[in-house]
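All residue numbers refer to positions in the sequence shown, counting from 1. Worth knowing before you read on, the calculation uses all heavy atoms, side chains too, and leaves out hydrogens, waters and symmetry mates.
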Amino acid sequence: STNTLYLISNSGNVLWKRKFGEPVQGEIYTMDLFKNEQSEYLFATTNKIYLLDHNGKDAGSYPLNLAESTHKGLSSFDFDNNKEYIYLVSCDRGKIYGYSGNGRPIPGWAPKIVDGAFSSSVQTFDYNNKHYLFGASQKGTFYLWDLNGKQIMQPVVLHSGFKNPFLVS
């Protein structure tokens, strides 16, 4: 309620705390973006993307201002388990932005335009040793892309919206 994040050790000690001007949206991802065996924390607030170092300080070129607000946050992926992260931000007005871990737009990934806010952040699944990205809007349209943002199939318009996350298996 105070928009304050705390990092608390296993023994219960507060290692750091940091106040933000708006709430965190979605998940907070722990990663080793700088490949130095120290954790960084990636997350979105309503209007910004943050990457905090292990001391709670801004890392790299972060924070980044979002072009549109989000209430679903972001999804972060390391597909080949090599600390080469990408993340996708599902915005409220129906655009999905893709970024590399360094905060730069993913080459070739123009913002994806969908029919409205997503019911949850973008998800992933593997099939035949390929990675796919998917999501569904609150209006009930299902979208499927490859890692480059190429549409794999025409969006499927269902007769009911999604209010909760779902899985593809």
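The aromatic ring centroids of Y97 and Y87 lie 6.0 Å or more from each other. Taking the six-membered ring wherever Trp is involved, the centroid distance between the rings of Y50 and Y62 does not fall below 6.0 Å. In this structure, Y41 has its ring center at least 6.0 angstrom away from the ring center of Y29.
Atom CG of L147 sits about 10.5 Å away from atom NZ of K130, to the nearest 0.5 Å. Here CZ of F142 is found 10.5 Å from OG of S119. Values are rounded to the nearest 0.5 Å. Of the inter-residue distances, the one linking N47 atom CG with L64 atom CG reads 13.0 Å to the nearest 0.5 angstrom. In this structure, D92 CG and T46 OG1 are separated by 8.0 Å, a value rounded to the nearest 0.5 Å. In this structure, OG1 in T70 is found 14.0 Å from NZ in K95, a value given to the nearest 0.5 Å. T45 OG1 to Q25 CD: the interatomic distance, rounded to the nearest 0.5 Å, is 7.5 Å.
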| said: One pair to check against side chain to side chain contact (heavy atoms under 4.5 Å, CB included): L7 and K17. What are the steps and the verdict? | reply: CA-CA 6 Å; L7 181 63; K17 71 177 183 175; over 6 Å; no
**Steps toward side chain to side chain contact (heavy atoms under 4.5 Å, CB included) verdict (Q138, K72)** = CA-CA 12 Å; Q138 291 175 356; K72 298 301 175 198; 3.7 Å; yes
(request) Start with the C-alpha distance between W109 and K150, add both sets of side-chain angles, then the distance that settles side chain to side chain contact (heavy atoms under 4.5 Å, CB included), and finish with yes or no. (result) CA-CA 8 Å; W109 181 284; K150 180 183 173 197; over 6 Å; no
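Side-chain atoms of L51 and L33, non-hydrogen and from C-beta on, do get closer than 4.5 Å to each other. Using a 4.5 Å cut-off on side-chain heavy atoms (C-beta onward), F20 and L5 make contact. In this structure, the side chains of E27 and F43 stay at 4.5 Å or more apart for every pair of heavy atoms. In this structure the side chain of V24 reaches within 4.5 angstrom of the side chain of I28, judged on heavy atoms. The closest side-chain heavy-atom distance from I49 to V89 is below 4.5 Å. Residues F134 and I152 fail the side-chain proximity criterion, which asks for heavy atoms closer than 4.5 Å. Between K112 and W145, the closest side-chain pair of non-hydrogen atoms falls below 4.5 Å. Side-chain contact check for F77 versus L88: some heavy-atom pair is nearer than 4.5 Å.
Between D53 and Q38, the side chains place no donor N or O within less than 3.5 Å of an acceptor N or O (distance only, hydrogens not considered). In this model, a donor atom of one side chain and an acceptor atom of the other lie less than 3.5 Å apart for T141 and D115.
Not one N or O on the side chain of N3 forms a donor-acceptor pair closer than 3.5 Å with the backbone of K19. In this structure a side-chain-to-backbone donor-acceptor pair under 3.5 Å is missing from Q123 to L133. For N102 (side chain) and R104 (main-chain N/O), a donor-acceptor pair under 3.5 Å exists by modelled atom type. Side-chain atoms of D32 come within 3.5 Å of backbone atoms of E37 as a donor-acceptor pair (strictly under, hydrogens ignored). Checked by atom type and distance alone, the side chain of S39 never pairs as donor or acceptor with a backbone atom of M31 at under 3.5 Å. R18 contributes a side-chain N or O that, together with a main-chain N or O of G56, makes up a donor-acceptor pair within less than 3.5 Å. For the pair W16 (side chain) and H54 (backbone), a donor-acceptor distance under 3.5 Å is present.
Hydrophobic clustering (ILVMFWY, side-chain heavy atoms < 4.5 Å, transitive): I106 and V114 are in one cluster. Placement of Y85 and L66 within a single hydrophobic cluster is found when ILVMFWY residues are connected by side-chain heavy-atom separations under 4.5 Å, directly or transitively. Taken together through direct or relayed side-chain contacts under 4.5 Å among Ile, Leu, Val, Met, Phe, Trp and Tyr, I8 and L15 form parts of separate hydrophobic clusters. A continuous path of ILVMFWY side-chain contacts below 4.5 Å connects F79 to V122, so both sit in one hydrophobic cluster.
The shortest heavy-atom contact between S121 and S90 is CA-OG, 3.9 Å.
Ion pair D58/K48 not flagged as a salt bridge, since none of the NZ, NE, NH1 or NH2 atoms sits closer than 4.0 Å to an Asp/Glu carboxylate oxygen. Using a cutoff of 4.0 Å between basic side-chain nitrogens and carboxylate oxygens, K35 and E84 are scored as salt-bridged.
Aromatic ring orientation, Y132 versus F125: parallel (interplanar angle below 30°, classes split at 30° and 60°).
A search for side-chain hydrogen bond (donor to acceptor under 3.5 Å, both in side chains) contacts involving N13 returns S11, not counting sequence neighbours.
Within a 6.0 Å sphere centred on NZ of K83, other residues, nucleotides and ligands contribute more than 12 heavy atoms.
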